[in-house]
K.L.:
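First the structure, which I've put down as structure tokens, then a few questions once you've had a look.
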Amino acid sequence: MENQKKINVYILTGFLGSGKTTVLNHLLSQFANEKNVVIENEFGKINIDATLVNGTFESVYELTNGCICCSINNQLLETLTRIHTLENQPDNLFIETTGIADAGEIASTFTALFVAEAFDLKKIITVVDAENLLFYKDSNVEVQKQIVVADTVVINKFGLVTNEILTDIKDFIQSINPYSSIILSKDGSLDRMNLATDNSQKTLNSNTVYKSESVHKIKTMLYETDGFFDIQKLKYELFRNLYLYYHQIYRIKGYVLNPEKEVFLVQTAGKTVVITPTTNQQISKSQLVFIGKELQLKTIERLLKSAIVKNKNLQLS
């Protein structure tokens with residue numbers, strides 16, 4: 001997929017009934033002066049959500065009878081190819097997933113070389129229902145995984161809950177994804193300027209401790225070390241372990257130092273590892289946040305041992 005101009009991609013996810021389509025419509029109205037296409041995914045042969053999409057867009061591509069992140073992943077790639085080969089190239093692609101989608105798996109599609117050459121994944125936006133999130137977060141692991149991979153979490157219908165409940169929701173979101181930005185919305189509105197922020201801007205406080213556990217044993221662990229990483233070995237070890245334990249490790253993100261004290265941003269999506277140098281971030285030690293199911297101290301130690309150049313110090317939340 002070779003192209004001089006990449007198509008901006010925004011993935012919109014969230015549990016059933018959270019208000020994803022409403023958020024999508026608000027965004028499309030703000031992108032009215034640009035060329036937009038939409039991918040709608042829902043279970044069943046008829047995609048009801050596709051009929052609810054309004055605003056300014058060139059076309060809606062419907063992926064039905066399966067989840068975009070699993071059984072119809074090949075259909076997603078075929079659809080991306082069709083979009084890329086359009087004579088009238090769009091500026092933006094909006095993807096609305098099913099309510100039980102694994103957005104991390106979807107995001108990993110856009111790190112594949114031939115896809116990344118044509119598409120630029122800008123944001124993963126997760127919409128949560130303020131009225132119901134605290135009731136179903138422990139019984140539906142999909143809810144937590146959708147928050148884990150988000151760059152931005154929209155707390156929708158927040159005006160319908162008390163300040164105490166809203167605080168509990170924010171604490172829960174930050175406990176399993178300290179990197180996400182949180183936006184409050186009463187009616188699904190979301191200012192497009194929130195999509196223009198740098199996903200790597202938010203940094204960790206070295207004194208912060210993160211921990212979250214549910215009936216699904218999802219934990220957030222902060223790894224810190226004063227040592228340095230062999231970047232190639234780190235990438236290999238992360239890739240190898242994500243490939244083996246992708247059902248257990250949902251996300252890894254953070255900043256690390258190499259022996260030359262250069263800073264690298266580490267991000268994973270699904271089974272994909274991306275490590276890129278950065279010049280706009282200053283850190284005194286390497287910090288990685290691991291989010292997953294039933295993570296153990298020995299697992300993280302074993303995963304990173306061969307990539308550490310100097311002595312390490314692991315801090316468990």
Side-chain angles (χ1 to χ4, degrees), residues 1-14 20-99 101-127 149-152 188 190-199 269-270 272 274:
M1 293 185 178
E2 295 182 359
N3 190 22
Q4 67 279 10
K5 183 190 72 171
K6 291 187 178 183
I7 300 170
N8 299 321
V9 179
Y10 304 95
I11 296 175
L12 193 61
T13 190
K20 297 185 296 295
T21 304
T22 304
V23 174
L24 173 61
N25 286 334
H26 276 286
L27 288 176
L28 287 172
S29 68
Q30 297 174 71
F31 284 81
N33 294 326
E34 300 178 33
K35 297 173 183 176
N36 308 304
V37 294
V38 176
I39 291 179
E40 274 285 339
N41 176 217
E42 192 52 81
F43 283 109
K45 294 182 179 179
I46 299 176
N47 191 343
I48 301 300
D49 282 347
T51 67
L52 303 177
V53 178
N54 53 52
T56 302
F57 54 87
E58 300 292 312
S59 57
V60 174
Y61 294 83
E62 299 181 37
L63 308 184
T64 58
N65 206 29
C67 180
I68 194 173
C69 59
C70 47
S71 61
I72 60 170
N73 196 43
N74 288 336
Q75 189 181 352
L76 172 61
L77 290 174
E78 292 173 2
T79 302
L80 293 177
T81 300
R82 289 171 57 192
I83 293 171
H84 172 62
T85 55
L86 289 172
E87 183 176 348
N88 191 9
Q89 282 279 287
D91 299 301
N92 308 296
L93 167 62
F94 294 87
I95 300 177
E96 182 181 352
T97 75
T98 71
D102 184 340
E105 287 295 315
I106 301 167
S108 65
T109 301
F110 292 91
T111 63
L113 181 60
F114 68 99
V115 177
E117 289 176 350
F119 295 89
D120 184 6
L121 178 57
K122 293 292 188 180
K123 287 284 181 184
I124 301 175
I125 307 156
T126 296
V127 185
V149 301
D151 300 305
T152 297
L190 175 63
D191 192 322
R192 67 172 289 177
M193 293 305 296
N194 289 301
L195 307 185
T197 58
D198 186 347
N199 293 335
T272 302
V274 178

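Just the heavy atoms: all of them, side chains too, but no hydrogens, waters or symmetry mates, feed the values below.
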K.L.:
Do F119 and L80 touch side chain to side chain, with heavy atoms closer than 4.5 Å?
P.N.:
yes
K.L.:
Look at the side chain of Q89 and the backbone N and O of H84, then say whether any donor-acceptor pair between them is shorter than 3.5 Å.
P.N.:
yes
K.L.:
Quick one, F31 and N8 - any side-chain contact, counting heavy atoms below 4.5 Å?
P.N.:
no
K.L.:
With the side chain counted from C-beta on, respond yes when Q30 and L27 share a heavy-atom pair under 4.5 Å apart, and no when they do not.
P.N.:
yes
K.L.:
Is there a donor-acceptor contact under 3.5 Å from the side chain of K6 to the main chain of A116?
P.N.:
yes
K.L.:
Do T21 and E96 make a side-chain contact, defined as non-hydrogen atoms from C-beta onward lying under 4.5 Å apart?
P.N.:
yes
K.L.:
One thing to verify: whether K5 and D91 come together as a salt bridge, which I'm taking to mean a side-chain N less than 4.0 angstrom from a carboxylate O.
P.N.:
yes
K.L.:
What are the two closest non-hydrogen atoms of L24 and E40, and how far apart are they?
P.N.:
CD2-OE2, 3.6 Å
K.L.:
Only one of V37, I125, N36 forms a side-chain contact (heavy atoms from CB on, under 4.5 Å) with F94, so which one is it?
P.N.:
N36
K.L.:
Return yes if some donor-acceptor pair links the side-chain N/O of K20 with the main-chain N/O of G14 below 3.5 Å, else return no.
P.N.:
yes
K.L.:
Do the side chains of T13 and I106 get nearer than 4.5 Å, heavy atoms only?
P.N.:
no
K.L.:
If you define the side chain from C-beta out and look only at heavy atoms, does anything of T197 sit under 4.5 Å from K123?
P.N.:
yes
